[in-house]
Undergrad: 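Please find one structure pasted underneath; my questions will follow.
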4 protein chains.
Amino acid sequence: MPDGAKVGGKRSETFAAERLTSFVERIEKLEEERASLGADMREVYSEAKGSGFDVKTMRQLVRLRKLEPAERAEQTELLDIYMQALGMA
Amino acid sequence: MPDGAKVGGKRSETFAAERLTSFVERIEKLEEERASLGADMREVYSEAKGSGFDVKTMRQLVRLRKLEPAERAEQTELLDIYMQALGMA
Amino acid sequence: MPDGAKVGGKRSETFAAERLTSFVERIEKLEEERASLGADMREVYSEAKGSGFDVKTMRQLVRLRKLEPAERAEQTELLDIYMQALGMA
Amino acid sequence: MPDGAKVGGKRSETFAAERLTSFVERIEKLEEERASLGADMREVYSEAKGSGFDVKTMRQLVRLRKLEPAERAEQTELLDIYMQALGMA
DNA sequence: GTGGGTTTGTGGCACC
DNA sequence: GGTGCCACAAACCCAC
């Protein structure tokens with residue numbers, strides 16, 4: 001009975017290994033899809049650049065559009081106040 | 001004088017604005033999908049954590065699996081050499 | 001009493017502006033020193049690279065040395081276990 | 001010829017180890033100082049917060065002040081154009 | 001090959 | 001005390 005004694009332990013180890021493998025594979029699948037979308041995005045930016053748009057500014061724009069208008073306004077106002085306080089007009 | 005004088009300029013401005021809008025909307029669509037996948041990944045990690053796995057270690061694991069085995073071995077070896085040089089066993 | 005009402009306001013605005021300026025200047029001073037140290041670090045890494053050392057590995061090394069030995073061992077072990085579970089030996 | 005065969009190799013290994021150790025120690029010294037400045041900065045921000053200032057906005061402010069005014073203006077202008085094109089006023 | 005920009009991972013912080 | 005968020009620092013990638 002060579003492996004007998006450890007069978008219980010081995011079984012749960014195997015089980016844990018399978019669960020872990022499953023989690024990791026799910027993650028990898030999702031990462032793959034994510035990377036694919038990232039490639040698509042780069043393509044769109046590249047096309048935009050080819051049309052004469054400034055990519056960096058476009059990225060800023062996209063970032064700003066994620067904020068709620070109210071939130072954006074609020075941040076901007078406070079920043080303006082602070083800039084005036086510092087004499088940055 | 002309906003639209004005359006400025007029409008030429010306005011037309012190309014309008015055209016550019018439309019193109020930019022199109023690019024930005026395509027980007028935003030892609031970002032949305034990407035964010036959704038990111039949320040899915042967080043869920044998987046969270047579920048794994050609930051199963052007793054260590055998320056940080058899992059992340060390391062996933063990162064390592066992206067490397068070619070040869071590359072991974074090389075990095076590990078070099079690190080070992082450096083650690084020995086520093087007396088970190 | 002036309003301007004009276006605002007005088008207090010102006011005074012505290014000025015006071016606030018001065019405080020803010022003071023904070024910002026202190027921060028900038030500290031950031032400057034920090035940046036200087038960062039430059040020194042880059043120099044050291046660059047010199048090391050010129051001596052044939054691998055910078056990326058050195059960074060790993062430095063990071064590892066920050067951890068307590070026990071902590072480091074623990075992380076390594078757990079990663080090994082996970083790698084074995086995934087058949088990465 | 002006492003230590004003959006391996007001496008050459010060992011000597012250069014030792015030499016390399018010493019160089020590496022030296023580099024790493026220099027880095028660690030610099031990192032330590034850097035960390036100390038980081039702590040000072042957190043303190044200043046914390047104090048500012050206690051005085052009623054918004055830390056996040058202060059960080060933006062400090063970031064903006066690093067840019068040349070001309071550069072800042074340029075970026076802002078282009079962004080405005082794009083925002084108008086997208087109807088973000 | 002080097003520098004700039006983006007993205008990703010990590011650590012600190014506040015809120016619950 | 002733990003969880004989510006935010007900012008910083010490092011790694012990666014591309015453009016020059």
Side-chain angles (χ1 to χ4, degrees), chain A residues 27-28 30-32 34-50 54-63 66-67 71 75, chain B residues 27 30-31 34-35 37-39 41-43 45-50 54-67 71-72 75 79, chain C residues 27 30-31 34-35 37-46 49-50 54-64 66-67 71 75 79, chain D residues 27 30-31 34-50 54-64 66-68 71 75:
Chain A
I27 289 289
E28 285 175 340
L30 292 166
E31 283 208 350
E32 202 177 322
R34 230 170 81 100
S36 167
L37 290 172
D40 293 347
M41 286 171 58
R42 271 195 301 280
E43 257 185 77
V44 174
Y45 276 122
S46 172
E47 197 184 332
K49 181 178 181 173
D54 182 74
V55 172
K56 185 173 174 181
T57 304
M58 284 180 66
R59 288 185 186 273
Q60 282 185 62
L61 188 61
V62 169
R63 220 179 302 132
K66 282 181 193 159
L67 301 176
E71 196 182 352
Q75 285 192 10
Chain B
I27 289 289
L30 292 166
E31 283 210 350
R34 229 171 82 103
L37 290 172
M41 286 170 58
R42 270 196 302 281
E43 255 187 80
Y45 277 121
S46 173
E47 196 184 333
K49 182 177 181 173
D54 182 74
V55 171
K56 185 173 175 180
T57 304
M58 284 181 68
R59 288 186 187 274
Q60 282 185 61
L61 189 60
V62 168
R63 219 180 305 132
L64 286 173
R65 278 166 65 92
K66 283 182 192 160
L67 301 176
E71 197 180 353
R72 186 164 69 234
Q75 286 193 10
L79 182 59
Chain C
I27 290 288
L30 292 167
E31 282 210 350
R34 232 170 78 103
L37 290 172
D40 292 348
M41 286 171 58
R42 271 195 301 281
E43 256 186 80
V44 175
Y45 277 121
S46 173
K49 182 178 180 173
D54 182 74
V55 171
K56 184 173 174 181
T57 304
M58 284 180 69
R59 287 187 188 274
Q60 282 185 61
L61 189 60
V62 169
R63 216 179 309 131
L64 286 172
K66 282 182 193 157
L67 302 175
E71 198 181 351
Q75 285 192 10
L79 182 58
Chain D
I27 290 289
L30 293 166
E31 283 209 350
R34 232 168 79 104
S36 168
L37 290 172
D40 292 348
M41 286 171 58
R42 271 196 300 281
E43 257 186 78
V44 175
Y45 277 121
S46 173
E47 198 184 330
K49 181 178 182 174
D54 182 74
V55 172
K56 185 173 176 180
T57 304
M58 285 180 66
R59 289 186 187 273
Q60 282 185 62
L61 188 59
V62 169
R63 221 179 302 133
L64 285 172
K66 284 183 194 159
L67 301 176
E68 294 296 319
E71 195 181 354
Q75 286 191 13

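Please read these numbers as outputs of a predicted model, since none were measured by experiment. Order of the sequence lines fixes the chain letters, A, B, ..., with proteins taken first and strands second; residue numbering starts at 1 for each chain.
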Undergrad: Measuring from Arg59(A):CZ to Asp54(A):CG, what's the distance to the nearest 0.5 Å?
TA: 10.5 Å

Undergrad: I'd like to check the salt bridge (Lys or Arg N to Asp or Glu O under 4.0 Å) partners of Glu71(C); sequence neighbours left out, ordered by chain and number.
TA: none

Undergrad: I need the CE-C1' distance between Met58(C) and dA10(F), as an integer number of Å.
TA: 15 Å

Undergrad: Quick one: closest heavy-atom pair of Ile27(A) and Met41(B), and the distance?
TA: CD1-O, 3.7 Å

Undergrad: Please list, chain by chain and in numerical order, all residues satisfying salt bridge (Lys or Arg N to Asp or Glu O under 4.0 Å) with Arg65(B), sequence neighbours excluded.
TA: Glu28(A)

Undergrad: Which angle, rounded to 10°, do you find between the first-five-pair axis and the last-five-pair axis of the helix from dG1(E)-dC16(F) to dC16(E)-dG1(F)?
TA: 0°

Undergrad: Check salt bridge (Lys or Arg N to Asp or Glu O under 4.0 Å) between Glu43(A) and all other residues, then give those that pass, not counting sequence neighbours.
TA: none

Undergrad: Suppose we screen for side chain to side chain donor-acceptor pair (under 3.5 Å). Which residues come up paired with Gln60(B), at least two apart in sequence or across chains?
TA: none

Undergrad: Output the rounded distance in Å from CG (Leu37(C)) to P (dC8(F)).
TA: 17 Å

Undergrad: Can you list everything that forms a side chain to side chain donor-acceptor pair (under 3.5 Å) with Gln75(B)? Sequence neighbours excluded, please.
TA: none

Undergrad: Mind listing the N/O atom pairs, protein and nucleotides 12-16 of chain E, below 3.5 Å?
TA:
residue	atom	partner	partner atom	Å
dC13(E)	OP1	Arg42(D)	NE	3.3
dA14(E)	OP1	Lys49(D)	NZ	3.1

Undergrad: Could you give the CD-to-C1' distance, from Gln75(B) to dA10(F), as a whole number of Å?
TA: 14 Å

Undergrad: Could I get the full list of side chain to side chain donor-acceptor pair (under 3.5 Å) partners for Asp40(C), not counting sequence neighbours?
TA: none

Undergrad: For nucleotides 4-11 of chain E, print each protein N/O atom paired with a nucleotide N/O atom at under 3.5 Å, atom names and distance only.
TA:
residue	atom	partner	partner atom	Å
dT6(E)	O3'	Arg59(A)	NH1	3.4
dT7(E)	OP1	Arg59(A)	NH1	2.9
dT8(E)	OP1	Arg34(A)	NH2	3.4
dT8(E)	OP2	Arg34(B)	NH2	3.4
dT10(E)	OP1	Arg63(B)	NH2	3.1

Undergrad: Suppose we screen for salt bridge (Lys or Arg N to Asp or Glu O under 4.0 Å). Which residues come up paired with Lys66(A), at least two apart in sequence or across chains?
TA: Glu31(B)

Undergrad: Can you list everything that forms a side-chain contact (heavy atoms from CB on, under 4.5 Å) with Lys49(B)? Sequence neighbours excluded, please.
TA: Val55(B)

